[in-house]
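The structure follows.
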Amino acid sequence: MKGYALVNCTVYSPREKYEGVAICFNRVVKVGSENEVRRVARALGLKIYDLKGAVVLPGFIDSHMHLAGLGFSLSLVELDLRNVYSIAELKAIVAKEASRKPRGHWIIGRGWDQEKFAERRYPSRWDLDEVAPHHPVFLKRICGHVAVVNSLALKLAGITRDTPDPPGGKIDRDDRGEPTGIIRESALRPIYSIIEQENEDYENAVLRAAFQLVSQGVTCVGAVSCDIEELKALFRLAKKDVLPLRVRTYLRYSSFAEVKDVLPVDFSLKNVSIAGVKILLDGSLGARTAFLREPYSDDQSTRGVPVVKPEELKEMLKTVSRYGWQPAVHAIGDAALELYLKILKEIGHVNRPRVEHASVTPPDLLEEMRELDVVPVVQPHFVISDFWIIDRLGERAKYVYLFKTMIKKGLKVAFSTDAPVEPSDPLETIHAAVTRGEGLVKLFEITPGEKLSIREALEAYTIGSSLACRLENMCGTIREGSLADIVVLNRDPYKVNLSELKNIRVLATIVDGRVVYGTLNLKHP
Ligand SMILES: [Zn+2]
């Protein structure tokens, strides 16, 4: 029979510990002691690989990330602005890019954070005009919900002082009413639509992201905010059988509306399937656009706004529920979460509702989430990146990123990275969850009890994420009958110092029984 067995290794299922695993075609046929696995391998005529003491886990499932977005960010096309510490430095980077790009070509970047800038202010169109007047410039903030553009980009997008703020979006203006170049949320749409026409195609971006992910041990992703173009690219790649990992798509609501009458939920082509709908309900804490119950501690004039009106959200969720698709609602602020939960309660039956981020969760909302069986899809690395969170929330910071409390409450926590917002590396993400930025961020001191154990982190990345993506009968655990989605690591996460977690290497990644990264012919792990 076609297949192989892995022996001389430690297998974490992840709940149980074994000595080997046998794979036939794309399924696990045996997991057990070395003798049991060898016996099955002999009986079925499977090839045997000696893993020389390596560690075998279910592949990591990144339940919320942006596949094409990650691909675009990996291309040289997008400038990485995450380590920029002043507007002066930002300008220098844009100037350099402008000097080597033909006039008229877009300069695109991502990752700036005004909190890091020495100037302690947002960059403006005029900053960018100084260094790149002849290139349209579009630089996304770290959260991806806010961007700064220059005057040429505003012109191309048709945004002037007379353009009203669209529902769920904002064009920042100065005292004279002139757009400052800071564009928020849905107001970014006209800019995206021009860039997308010019950007390289989705297939390349998706593939580039997928190859990076499998090299990091990710075997499946929840690809959120997928639009029709990305979905088509995914199906084209699946048809050609070149996509190395499993993809569950969560379409944007507008894309769902376009296809809901022609494609049923869970429609699949090879390793790509349709899982649900992503709905954006609020913004980010960083940009003070997340919708809070009380005003921001560092700006009493605002508590954020929901991107969609409550009645509108209810209609959307009703439609999603009627079609049986799974809702994945982005709710960062406590008021956004409260609104979502209230509507879920009113609607009744919904296909395993997810809440994306669930950043601020006071006790009453945690209780409500448990009652409604809502799956929190969280991003542990936010703990490290959102170093300013106490400024934004004050006292309420004690309700932020309560992963341990969620697990203790019986919520089925799923891990993810929101890449390219955060690094896509699972071991870096697990490191963030188990250290919680101890010695690095102030949030740790306020919520020290929220550190997870290695076991909890591994389970959230496998079992938890498979539940969030409704794949628990197929992957997320290594057991007889499950799909062979597996990662082989050179060291045991339970046995290394926490500081060394990030140095663990992926030796091989197996998806659907196929080795899609690395090798099983190991010399010294
Ligand atoms: Zn996201």
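Numbering of ligands and ligand atoms starts at 1, following listing order. Sequential numbering from 1 along the given sequence is applied to the chain's residues.
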Problem set entry | Pair E115 + R141, salt bridge at N-O below 4.0 Å |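 No salt bridge links E115 with R141.
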
For this session: For the pair E459 and K412, find out whether any cationic side-chain nitrogen is under 4.0 Å from an anionic carboxylate oxygen.
Result: no

Exercise. Does atom NZ of K345 have more than 12 heavy-atom neighbours, drawn from other residues, nucleotides or ligands, at distances under 6.0 Å?
Worked result: no

For this session: State plainly whether the residues D386 and K442 are in salt-bridge range, i.e. N to O under 4.0 Å.
Result: no

For this session: Run through the protein N/O/S atoms less than 2.8 Å from the Zn ion (ligand 1) and write them out by chain and number.
Result: H64 NE2, H66 NE2, D418 OD1

Exercise. Should the pair F403 and F415 be assigned to parallel (<30°), tilted (30 to 60°) or perpendicular (>60°) ring geometry?
Worked result: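 Rings of F403 and F415: perpendicular, as their planes differ by over 60°.
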
Seminar exercise, completed: Applied to residues 344-370, the ring pair (Phe, Tyr, Trp, His ring centres under 6.0 Å) test, sequence neighbours excluded, yields H64-H357, H330-H357, H357-F382

